[in-house]
Amino acid sequence: ALAGVSGTLFEHCALALEHSLATGAHGLPLMGTGDWNDGMSRVGEAGRGESVWLGWFLYTTLLVWAPLAEARGDARAAGWRVHAAALRVALDAAWDGEWYLRAYYDDGTPLGSHADLECRIDAIAQSWAVLSGAAPPERAAQAMEAVARELLRVCRPGGRIGMANWTPDSMIGDMFRTVGSRVPPPQGVLPAVAWGDPERVQELLGRGCSDLRLNRLAFPWRFPTTQC
């Protein structure tokens with residue numbers, strides 16, 4: 001339904017950020033009936049569950065939008081910076097020993113823990129720990145190594161792991177190089193396209209198996225026209 005009010009694109013985004021600031025018992029954003037993952041619809045259905053991934057994402061977004069608000073003289077910018085700082089502390093507390101948790105259920109039970117039989121680790125919570133730059137570099141690196149290790153753990157002997165990765169020589173690789181020349185990644189953090197580099201994959205996965213063979217397949221994107 002229409003709200004009956006109008007505003008700028010900035011104000012629309014600012015209101016969305018304000019709506020996202022509520023936190024749960026661990027100081028993390030509320031999960032609701034799913035953050036980006038609709039399959040996690042029961043994690044926070046009672047309104048108390050919390051999302052670790054959304055914490056990384058919100059931290060990043062707040063720090064991107066705070067300067068825009070300051071340029072407009074918007075007082076909300078200060079509150080966003082304070083909230084981002086608090087999120088960083090809460091996110092670091094979601095460290096599970098070798099990687100970051102994915103979420104907390106309504107009753108406070110962790111999701112994505114080494115103690116779980118299933119859903120022990122969620123790659124998106126680890127990758128956004130890196131992308132956000134909020135995680136300590138040593139933990140960010142350890143979390144990504146854990147992702148590789150868990151891939152091997154669930155693969156049977158002689159089995160095959162399928163990964164759909166960006167590659168350094170792709171359009172996305174070009175984009176990362178362009179953006180990185182202006183906004184360098186956090187110190188010690190490799191770009192996401194490293195997972196599409198055979199040497200890096202060999203480094204990550206080769207430690208846990210005696211015979212690792214890589215077979216690279218390209219997936220071309222085809223569009224009917226170049227016009228938008």
Side-chain angles (χ1 to χ4, degrees), residues 24 26-31 34-40 43-44 49-64 84 87-105 109-155 161-168 172-173 176 179-180 183-209 212:
H26 299 89
L28 296 168
L30 296 176
M31 183 82 166
D35 38 27
W36 82 274
N37 191 335
D38 295 341
M40 295 184 176
V43 175
E50 300 162 85
S51 170
V52 175
W53 166 77
L54 188 55
W56 300 121
F57 185 77
L58 181 58
Y59 171 89
T60 305
T61 308
L62 289 171
L63 293 187
V64 168
L87 277 177
R88 189 171 191 171
V89 174
L91 287 162
D92 197 51
W95 181 251
D96 194 50
E98 296 181 65
W99 59 78
Y100 286 98
L101 299 173
R102 175 61 174 84
Y104 291 95
Y105 284 94
T109 301
L111 173 63
S113 167
H114 71 279
D116 293 330
L117 296 178
E118 298 180 350
C119 193
R120 283 165 50 94
I121 186 171
D122 195 322
I124 194 173
Q126 318 316 316
S127 58
W128 269 91
V130 176
L131 291 170
S132 67
E138 63 278 6
R139 285 190 170 180
Q142 188 176 352
M144 296 312 298
E145 291 174 358
V147 171
R149 190 169 59 253
E150 285 295 294
L151 280 174
L152 289 174
R153 185 184 67 82
V154 299
C155 182
I161 297 174
M163 297 188 293
N165 298 329
W166 295 325
T167 58
I172 299 297
F176 271 99
V179 173
V183 185
Q187 186 176 5
V189 173
L190 292 174
V193 292
W195 279 81
D197 182 348
E199 292 185 2
R200 176 58 175 161
V201 174
Q202 184 79 40
E203 179 185 349
L204 284 167
L205 300 180
R207 305 169 188 169
C209 56
L212 177 63

Write down the atom of [X], the atom of [Y], and the distance for their closest heavy-atom approach.
X	Y	value
W99	S113	CZ2-C, 4.1 Å
L91	W56	CD1-CE3, 3.4 Å
V52	A94	CG2-CB, 3.9 Å
T167	G196	CG2-O, 3.7 Å
D116	P110	OD2-O, 4.1 Å
Y104	V43	O-CG1, 3.6 Å

When you compare the side chain of [Y] with that of [X], does any pair of heavy atoms fall below 4.5 Å?
X	Y	result
Y100	D92	yes
I172	V193	yes
L28	L54	no
L87	P29	yes
W36	I124	yes
R153	I121	no
M163	V201	yes

Member of Q142, R149, H114 meeting the side chain to side chain donor-acceptor pair (under 3.5 Å) criterion with E98: R149

Residues, nucleotides or ligands: over 12 heavy atoms within 6.0 Å of E199 CD: no

Separation of C209 SG from Q202 CD (nearest 0.5 Å): 7.5 Å

Interatomic spacing from CG in L205 to CH2 in W195 - rounded to 0.5 Å: 6.0 Å

Verify side chain to side chain contact (heavy atoms under 4.5 Å, CB included) between M31 and L111, making sure each step is shown before the conclusion. CA-CA 12 Å; M31 183 82 166; L111 173 63; 5.7 Å; no

Taking the ring of F176 and the ring of W166, is the distance between their centroids below 6.0 Å? yes

Give a yes or no on whether the backbone of A146 and the side-chain of Q126 come within a donor-acceptor separation of less than 3.5 Å. no

salt_bridge(R102, D35) N-O dist < 4.0 Å: yes

